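In what follows, a single structure is set out as structure tokens and then discussed.
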Amino acid sequence: MAISSIHTVLFPVSVKLVAPAARVSVQRSLPFSVREWRRGVSSMSGDKSLVFAKAKQREDSVENHPIAEDSIDQLVDEEEEEESLHFDERDFAGTACVPVYVMLPLGVIDMNSEVVEPEVLLDHLRTLKSVNVDGVMVDCWWGIVEAHTPQVYNWSGYKKLFNMIRQLGLKIQVVMSFHECGGNVGDDVHIQLPEWVREIGQTNPDIYFTDRAGMRNSECLTWGIDKQRVLRGRTALEVYFDYMRSFRVEFDEFFEEKIITEIEVGLGPCGELRYPSYPAQHGWKYPGIGEFQCYDKYLMRSLKEAAEVRGHSFWGRGPDNTESYNSTPHGTGFFRDGGDYDSYYGRFFLNWYSRVLIDHGDRVLSMANLAFEGICIAAKLSGIHWWYKTASHAAELTAGFYNPSNRDGYGPIAAMLKKHDAALNFTCVELRTLAQHEDFPEALADPEGLVWQVLNAAWDANIPVASENALPCYDREGYNKILENAKPLNDPDGRHLSCFTYLRLNTTLLESENFVEFERFVKRMHGEAVSDLGLLPRTTQETKLE
């Protein structure tokens with residue numbers, strides 16, 4: 001086994017390699033045998049296919065190991081011996097309390113607006129309450145509530161669900177989910193946009209985002225119709241506002257009792273403020289750069305008008321040298337180093353493309369503040385961390401984040417959120433750059449650098465910053481990374497996350513070993529003391545490298 005393979009399995013960011021005959025230790029919460037280690041199987045890896053596809057399985061040789069060839073061979077031969085893994089952990093006792101919420105399953109309400117398996121769910125909620133979780137996050141799906149007829153809303157299933165949650169003394173974060181569920185990895189149910197919206201799309205497919213080849217994406221509505229009366233006489237903005245206002249009226253008692261603590265406003269695919277630039281249904285695979293999504297007639301009209309105002313009408317077109325979804329930056333004329341992304345035309349196009357994104361967020365959050373006056377609102381940003389170590393940051397550009405190496409793309413977004421007193425919810429806080437580099441070195445990813453940039457952009461704008469994990473997380477190493485980001489060490493201003501939302505409630509989380517680790521994580525997020533810093537929850541044998 002090569003040393004890189006060891007890192008891939010154990011994610012040992014804090015491990016120090018020492019001279020032979022010293023003791024080396026790392027930690028994880030789900031021990032596996034050396035036999036499994038040799039095969040490259042990690043019980044803590046989780047489902048990495050959300051945005052990265054599955055990690056490569058390796059069976060590298062240990063020949064010519066640069067540090068301890070003989071000792072590694074000896075270790076691998078002891079296949080039935082369990083090892084102890086340790087590393088230093090910060091003590092978060094007495095630190096600020098960061099509330100912890102848990103996302104409920106995507107399909108907790110079915111298409112008939114009924115709670116799915118309510119007794120099982122109630123039992124799971126009691127389990128969460130037993131470890132002092134602060135609350136849960138619930139998606140309120142547009143495609144369920146306003147499914148058949150415009151402005152006819154069915155909130156009955158959510159009423160039952162919210163009453164269950166209230167009875168247990170849990171709080172609720174609510175997501176206004178104006179997107180489709182089922183088109184992304186990790187989606188275990190299929191919830192389309194409302195039937196009456198899809199009927200409109202059959203005769204006017206330009207209500208959807210469209211790529212350069214003309215492929216439509218029905219995950220959400222294009223921002224080009226925010227002000228177009230194409231939805232049975234209403235604009236998209238009016239549709240979103242009417243939905244939010246209906247929710248506010250229907251659940252007034254939950255607001256008055258402060259059971260509902262925050263409204264996260266869906267602003268794009270997966271509820272995130274971004275273009276659907278990397279859709280799996282169109283063949284995208286990690287770490288493809290994705291494609292621009294501005295070729296519906298409404299956004300193209302906007303681009304042409306912007307070019308005419310600039311005085312260069314021939315710029316009213318999308319770039320023609322960006323290649324395809326799975327291209328690399330250096331394989332394109334637009335995104336390569338010194339490419340057209342930094343030309344006069346490229347800067348014009350990217351400014352327009354990113355401005356459309358920010359203006360959409362601005363408009364919808366204005367409607368949200370009208371509907372939810374006095375209530376905390378939030379917007380979610382995705383962590384597009386692949387190709388972050390290149391000059392162009394191509395994957396971010398196609399998603400609408402104008403953040404090449406010579407420009408800050410997140411400051412303007414934070415300023416827009418500040419205008420509406422909205423919090424920023426950011427993903428991928430559990431990811432480590434080293435682990436990404438070892439699984440996919442070709443992606444030139446840097447999740448830690450991206451998280452640092454985005455969190456500081458938000459803190460500099462003086463807005464609350466919340467976060468969530470991008471991938472399933474059950475291990476102590478991942479939890480420790482979340483804690484590091486939640487409560488930065490030696491921050492002179494004492495800044496910390498306003499809350500953290502765990503993705504997601506499932507039976508794997510509730511397995512005894514995993515749930516013990518989760519309970520420990522919740523305590524540390526709350527600033528409580530734990531008794532086993534740097535130690536596994538049970539005794540294991542320390543492995544000696546000689």
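Given the structure is predicted, the values throughout are model-derived calculations rather than measurements. Numbering starts at 1 and runs along the sequence shown.
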Kindly list each side-chain donor-acceptor pair under 3.5 angstrom involving residues 457-466, sequence neighbours excluded, with atom names and distances?
none

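Under the salt bridge (charged side-chain N to carboxylate O under 4.0 Å, His left out) criterion, Glu484 pairs with Arg432, Lys481, sequence neighbours left out. Shown here are the salt bridge (charged side-chain N to carboxylate O under 4.0 Å, His left out) partners of Arg232, two or more places apart in sequence or in another chain: Glu199. Considering only residues two or more places apart in sequence or on other chains, Thr328 meets the side-chain contact (heavy atoms from CB on, under 4.5 Å) condition with His330, Trp387. Applying the side-chain contact (heavy atoms from CB on, under 4.5 Å) rule to Ile191 yields the partners Met111, Trp141, Ile144, Cys181, Val189; only residues at least two apart in sequence or on another chain are considered. Residues satisfying the salt bridge (charged side-chain N to carboxylate O under 4.0 Å, His left out) criterion with Arg212, sequence neighbours excluded, are absent altogether. Arg216 pairs by the salt bridge (charged side-chain N to carboxylate O under 4.0 Å, His left out) definition with Asp206, not counting sequence neighbours. Not counting sequence neighbours, Arg336 has no partner by the side-chain contact (heavy atoms from CB on, under 4.5 Å) test.
Each of Phe254, Trp142, Phe162, Tyr243 was checked for a ring-ring contact (aromatic ring centres under 6.0 Å, His included) with Trp155, and the lone residue meeting it is Tyr243. Checking each of Phe209, Tyr240, Phe178 against Trp223 for a ring-ring contact (aromatic ring centres under 6.0 Å, His included) leaves exactly one that passes, namely Phe209.
Cation-pi check for Lys285 over Tyr325 is not met; the charged atom does not lie both under 6.0 angstrom from the ring centroid and within 45 degrees of its normal. Geometrically, Arg317 does not engage Phe314 in a cation-pi contact defined by less than 6.0 Å to the ring centre and at most 45° from the axis.
Between Arg248 and Ala371 the shortest heavy-atom distance is CG-O, 3.2 Å. Shortest non-hydrogen contact noted between Leu397 and Tyr353 is O-CE2, 3.3 Å. In this structure, Leu497 and Ser467 approach most closely via the heavy-atom pair CD1-OG, 3.0 Å. The two residues Thr427 and Gly383 make their nearest non-hydrogen contact at OG1-N, 2.9 Å. The two residues Pro279 and Pro276 come nearest to each other via the heavy atoms CD-O, 3.4 Å. Residue Val174 comes nearest to Met176 through the heavy atom pair CG1-CE, 3.5 Å, listed as atom of the first residue, atom of the second, then distance.
The closest donor-acceptor contact from the side chain of His179 to the backbone of Glu219 lies at 3.5 Å or more, if one exists at all. Proximity of a side-chain donor or acceptor of Tyr298 to a complementary backbone N or O of Gln228 within less than 3.5 Å is not detected. For the pair Asn351 (side chain) and Arg347 (backbone), a donor-acceptor distance under 3.5 Å is present. Under the 3.5 Å distance criterion, the side-chain polar atoms of Thr222 are matched with a main-chain donor or acceptor of Gly224. With hydrogens and angles disregarded, a donor-acceptor distance shorter than 3.5 Å links the side chain of His393 to the backbone of Tyr388. The main-chain N or O of Ser343 is never found under 3.5 Å from a side-chain atom of Asp340 such that the two would form a donor-acceptor pair. Ser392 contributes no side-chain N or O that, together with a main-chain N or O of Thr390, makes up a donor-acceptor pair within less than 3.5 Å. When atom types are taken as modelled, the side chain of Trp386 and the backbone of Gly288 share a donor-acceptor pair closer than 3.5 angstrom. Side chain of Glu448 to main chain of Thr433: a donor-acceptor pair is present (N/O by atom type, distance under 3.5 Å, no hydrogens or angles). Although no hydrogens or angles enter the test, the distance criterion places no donor-acceptor pair under 3.5 Å between the side chain of Asn204 and the main chain of Ile200.
Counting only heavy atoms from C-beta outward, the side chains of Val116 and Val108 never approach each other to under 4.5 Å. Taking 4.5 Å as the limit, some side-chain heavy atom of Val138 sits within range of a side-chain heavy atom of Ile165.
With respect to the salt-bridge test (charged N to carboxylate O, under 4.0 angstrom), the residues Lys171 and Glu262 do not qualify.
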Where do Ser218 and Gln192 land on the side chain to side chain donor-acceptor pair (under 3.5 Å) test, with the steps shown first?
CA-CA 8 Å; Ser218 61; Gln192 295 177 285; over 6 Å; no
As a quick check of understanding, evaluate side chain to side chain contact (heavy atoms under 4.5 Å, CB included) for Tyr410 and Leu381, giving each step before the final call.
CA-CA 10 Å; Tyr410 297 101; Leu381 244 60; 3.9 Å; yes
Evaluate Arg363 against Asp226 for salt bridge (charged side-chain N to carboxylate O under 4.0 Å, His left out), listing each step before the verdict.
CA-CA 8 Å; Arg363 289 189 292 264; Asp226 277 359; 2.9 Å; yes
Using the rule given for ring-ring contact (aromatic ring centres under 6.0 Å, His included), can you reason through Phe500 versus Tyr101, listing the C-alpha separation, both sets of side-chain angles and the distance that settles it, and then say yes or no?
CA-CA 6 Å; Phe500 175 79; Tyr101 288 72; over 10 Å; no
Just do the ring-ring contact (aromatic ring centres under 6.0 Å, His included) check on Phe251 and Phe247 with the steps written out, would you?
CA-CA 6 Å; Phe251 293 90; Phe247 178 86; 4.6 Å; yes
List the steps and the verdict of ring-ring contact (aromatic ring centres under 6.0 Å, His included) for Tyr275 and Phe292.
CA-CA 8 Å; Tyr275 290 87; Phe292 292 116; 8.2 Å; no
Between Tyr474 and Tyr479, does the ring-ring contact (aromatic ring centres under 6.0 Å, His included) criterion hold? Intermediate values first, please.
CA-CA 8 Å; Tyr474 309 108; Tyr479 288 139; 8.1 Å; no
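Under the salt bridge (Lys or Arg N to Asp or Glu O under 4.0 Å) criterion, the residue pairs touching residues 366-385 are Glu272-Lys380, Lys380-Glu468, with sequence neighbours excluded. Residue pairs meeting the salt bridge (Lys or Arg N to Asp or Glu O under 4.0 Å) criterion with at least one partner in residues 288-306, sequence neighbours excluded, are absent. Applying the salt bridge (Lys or Arg N to Asp or Glu O under 4.0 Å) test to pairs two or more places apart or on separate chains, those with a residue in residues 136-158 are Glu146-Arg234. The salt bridge (Lys or Arg N to Asp or Glu O under 4.0 Å) pairs that include a residue from residues 396-422 are Asp362-Lys419, where partners are two or more places apart or lie in different chains.
The aromatic rings of Tyr345 and Phe348 are tilted relative to each other, their planes meeting at an angle between 30° and 60°.
Inspection of the Trp352 and Ser302 side chains reveals an N or O donor paired with an N or O acceptor under 3.5 Å. Under 3.5 Å, the side chains of Ser156 and Asn154 contain a donor-acceptor pair of N or O atoms.
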